[in-house]
Amino acid sequence: VQLQASGGGLVQAGGSLILSCAATARTFSGYDIGWFRQAPGKERRFVAAIDLSSSGNIVYADSAEGRFTISRDSDKNAVLLQMNSLKPEDTAVYYCAAISPTKWRWVRYSAKYDAWGQGTLVTVSS
């Protein structure tokens with residue numbers, strides 16, 4: 001599966017952005033999708049993940065809980081990350097990635113993912 005992330009940009013603190021992760025082949029091929037972010041000089045960190053099977057399970061990092069929402073846009077065959085109440089510390093390159101459903105228990109761990117999109121930069125100004 002090949003992924004393409006988009007939607008990043010510059011936003012003021014308190015603002016919102018919607019990131020999109022699309023499969024270039026118009027299908028996620030049975031994979032589940034996670035979002036990670038990497039700030040300058042820091043390691044890549046988990047943000048949220050969604051199980052695209054009928055269960056629809058969702059997991060958030062503590063930093064995202066209550067402010068970010070991950071969802072599936074079936075019309076566009078994309079996974080969205082709605083980010084509200086953005087803070088300067090949310091500034092990072094955001095990546096979407098695909099993980100086999102058999103590894104759902106490890107969705108918080110970047111090393112378990114099978115494919116990555118190219119990342120989209122989010123900058124939150126204070």
Between Ser71 and Thr69, do the side chains contain an N or O donor and an N or O acceptor separated by less than 3.5 Å? no
Work out which heavy atom in [X] is nearest to a heavy atom in [Y]; give both atom names and the distance.
X      : Y     : value
Trp35  : Leu19 : CH2-CB, 3.6 Å
Ala92  : Ala39 : CB-N, 3.8 Å
Ala78  : Ser20 : CB-OG, 3.6 Å
Ala13  : Pro88 : CB-CD, 4.1 Å
Ser100 : Tyr31 : N-CD2, 3.6 Å
Leu17  : Leu86 : N-CD1, 3.9 Å

Just how far is it from atom [atom1] of [X] to atom [atom2] of [Y], taken to the nearest 0.5 Å?
X     : Y      : atom1 : atom2 : answer
Ser63 : Arg45  : OG    : CZ    : 8.5 Å
Cys21 : Asp73  : SG    : CG    : 12.0 Å
Ile99 : Arg108 : CD1   : CZ    : 12.0 Å
Leu81 : Met83  : CG    : CE    : 5.5 Å
Phe68 : Leu80  : CZ    : CG    : 14.0 Å
Cys96 : Ile70  : SG    : CD1   : 9.5 Å

Any chain of hydrophobic side-chain contacts (each under 4.5 Å) joining [X] to [Y]?
X     : Y      : result
Ile18 : Val79  : no
Tyr94 : Phe46  : no
Ile33 : Val47  : yes
Val59 : Tyr109 : no

Run the side chain to side chain contact (heavy atoms under 4.5 Å, CB included) test on Asn77 and Arg72 for me, step by step, so that the C-alpha distance in whole Å, both residues' side-chain angles and the decisive distance to 0.1 Å come before the verdict. CA-CA 7 Å; Asn77 201 27; Arg72 183 174 195 172; 3.7 Å; yes
With side chains defined as the heavy atoms from C-beta onward, is the minimum distance between Leu3 and Phe28 less than 4.5 Å? yes
Non-hydrogen side-chain atoms of Val107 and Asn57 separated by less than 4.5 Å: no
So, the side chain of Arg44 versus the backbone of Phe36: is there a donor-acceptor pair under 3.5 Å, distance only? no
Is the backbone of Ser16 close enough, under 3.5 Å, to the side chain of Asn84 for a donor and an acceptor to pair up by distance? no
List for me each residue that meets salt bridge (charged side-chain N to carboxylate O under 4.0 Å, His left out) alongside Asp90, sequence neighbours excluded, and say none if there are none. Arg37, Arg67
More than 12 heavy atoms of other groups within 6.0 Å of Glu89 CD: yes
Got a sec, which pairs hit side chain to side chain donor-acceptor pair (under 3.5 Å) with one end in residues 112-121, sequence neighbours left out? Lys103-Asp114
